[in-house]
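This report concerns only the one structure given below.
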Amino acid sequence: MRVLLVEDNIILGEAVRDHVAAADHAVDWMKTLEDARIAMRTVIYGLILLDLRLPDGSGIALLRDLRAAGTATPVIILTAHDQISDRIEGLNSGADDYLVKPFDLGELSARMLAVIRRYGGNIAPEIRFGDVKISPVDRRIFAGGEEIGLSGREWAVLDILLSRPGAIISKAQIEEALYAFGSEIESNTVEVYVSRLRKKLGRDHVVTVRGVGYKIGASP
């Protein structure tokens, strides 16, 4: 998942970025509202981690603009504001969750997962095609009755394909979801992980559409 972190505190920002990236998410870390707005015009994010007190204004303004524009991207507020009135304002402005600093990074991970699950209304709790059964929330896959293990990056690619089952996802779209700004993109990364998924799930279920991209689902 591509995550936008908007946080001007260097120590906290580095800790959150490294922790989220260690879970195989691509993280773009912006320290001002203006930089965050530019990033959001460039990339579609799966989740936003938003500080409220930033050098060029309040994160609430950014949050309200997002919701006014009809953007449904989940947002978790990360802030030192611990008054009930602050929490109510953040939630009423469209935040999905609210985490008060200082916080445990493990709790952040749990809250991220909870928010993603809530937004999983467009993701079936269980996906089947052929002899493959996938539970995206539980992170479990069975093929031919046997459980299959995937690496974090393999899950990342699979999540992108599962977001639009049967649709063709381009290599560029997969790269955009996997790599943060400034990361060096290896030319064959997508091909490598698609090949691994094909071996584990079956060649008929992970399909390459030459010159276009990839799709997942039972082949006709």
Side-chain angles (χ1 to χ4, degrees), residues 1-5 16-30 39-40 42-49 72-76 96 105-106 108-129 132-143 147-203 205-209 212-217:
M1 180 173 59
R2 190 81 175 261
V3 176
L4 175 62
L5 169 63
V16 171
R17 178 198 60 194
D18 293 347
H19 180 75
V20 175
D24 291 297
H25 300 299
V27 185
D28 294 327
W29 176 19
M30 303 300 160
M40 287 187 291
T42 306
V43 174
I44 297 176
Y45 289 99
L47 178 70
I48 298 172
L49 303 175
T73 305
V75 176
I76 299 177
D96 297 275
L105 292 172
L108 172 61
S109 294
R111 288 176 180 264
M112 288 175 61
L113 181 57
V115 167
I116 292 167
R117 282 175 174 167
R118 288 203 297 273
Y119 273 76
N122 60 347
I123 301 175
E126 184 175 282
I127 299 169
R128 290 177 178 265
F129 42 85
V132 175
K133 181 176 72 173
I134 302 173
S135 175
V137 173
D138 295 335
R139 288 315 211 214
R140 302 185 73 185
I141 298 180
F142 294 86
E147 187 163 6
I148 305 298
L150 298 185
S151 69
R153 187 54 64 91
E154 288 166 354
W155 265 113
V157 174
L158 181 60
D159 280 339
I160 299 163
L161 296 175
L162 289 176
S163 67
R164 295 170 59 197
I168 299 173
I169 310 295
S170 71
K171 177 181 176 181
Q173 289 174 310
I174 297 175
E175 288 177 338
E176 182 178 279
L178 292 180
Y179 290 96
F181 288 129
S183 298
E184 183 177 350
I185 300 176
E186 298 179 14
S187 61
N188 67 337
T189 295
V190 173
E191 289 85 350
V192 168
Y193 285 106
V194 167
S195 176
R196 292 180 183 177
L197 287 176
R198 186 177 288 121
K199 289 179 180 177
K200 292 181 177 182
L201 302 183
R203 299 186 63 84
H205 300 320
V206 183
V207 181
T208 299
V209 181
V212 183
Y214 309 92
K215 66 178 182 177
I216 192 163

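- Residues that satisfy the side-chain hydrogen bond (donor to acceptor under 3.5 Å, both in side chains) test with Lys199, not counting sequence neighbours, are absent from this structure.
- With rounding to the nearest 0.5 Å, the separation of CZ in Arg2 from OG1 in Thr73 is 12.5 Å.
- Expressed to the nearest 0.5 Å, how far NZ of Lys171 lies from CG of Asn188 amounts to 7.5 Å.
- Here Lys200 pairs with Glu154 under the salt bridge (Lys or Arg N to Asp or Glu O under 4.0 Å) rule; sequence neighbours left out.
- In this structure, the separation between CZ on Arg196 and CZ on Arg153 is 10.5 Å, given to the nearest 0.5 Å.
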**Asked** Passes side chain to side chain contact (heavy atoms under 4.5 Å, CB included), Val115 versus Ile76? Steps please.
**Response** CA-CA 8 Å; Val115 167; Ile76 299 177; 3.9 Å; yes
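- Contact check for Leu158 versus Ile141: side-chain heavy atoms found under the 4.5 Å cut-off.
- In plain terms, the two heavy atoms of Asp96 and Pro74 that are nearest each other are OD2-CA, 3.1 Å.
- Residues passing the side-chain hydrogen bond (donor to acceptor under 3.5 Å, both in side chains) test with Arg198, sequence neighbours excluded: Thr208.
- No more than 12 heavy atoms of other residues, nucleotides or ligands shown are found within 6.0 angstrom of CD1 on Ile44.
- Atom CE of Met40 and atom OG1 of Thr42 lie 10.0 Å apart (nearest 0.5 Å).
- Considering only heavy atoms from C-beta on, Gln173 stays 4.5 Å or farther from Tyr214 through its side chain.
- Tested against Leu49, the residues Val75, Leu108, Leu4 include a single side chain to side chain contact (heavy atoms under 4.5 Å, CB included) partner, Leu108.
- Once rounded to the nearest 0.5 Å, the distance linking NZ of Lys215 with CD1 of Ile169 reads 11.0 Å.
- Listed by chain and number, the residues in a side-chain hydrogen bond (donor to acceptor under 3.5 Å, both in side chains) with Arg128 are Glu126 (sequence neighbours excluded).
- Atom NE2 of His205 sits about 12.5 Å away from atom CG of Leu197, to the nearest 0.5 Å.
- Residues Tyr45 and Asp28 meet the side-chain proximity criterion, which asks for heavy atoms closer than 4.5 Å.
- Not a single side-chain hydrogen bond (donor to acceptor under 3.5 Å, both in side chains) links Ser195 to another residue, sequence neighbours left out.
- Under the 4.5 Å side-chain criterion, counting only non-hydrogen atoms from C-beta, Ile216 is in contact with Phe129.
- Applying the side chain to side chain contact (heavy atoms under 4.5 Å, CB included) test to Ala21 and every residue at least two apart in sequence or in another chain returns Val27.
- Under a 3.5 Å cut-off, the side chain of His19 and the backbone N or O of Leu105 do form a donor-acceptor pair.
- Heavy atoms only, all atoms of each residue included: Ser135 and Trp155 are closest at O-CH2, 4.3 Å.
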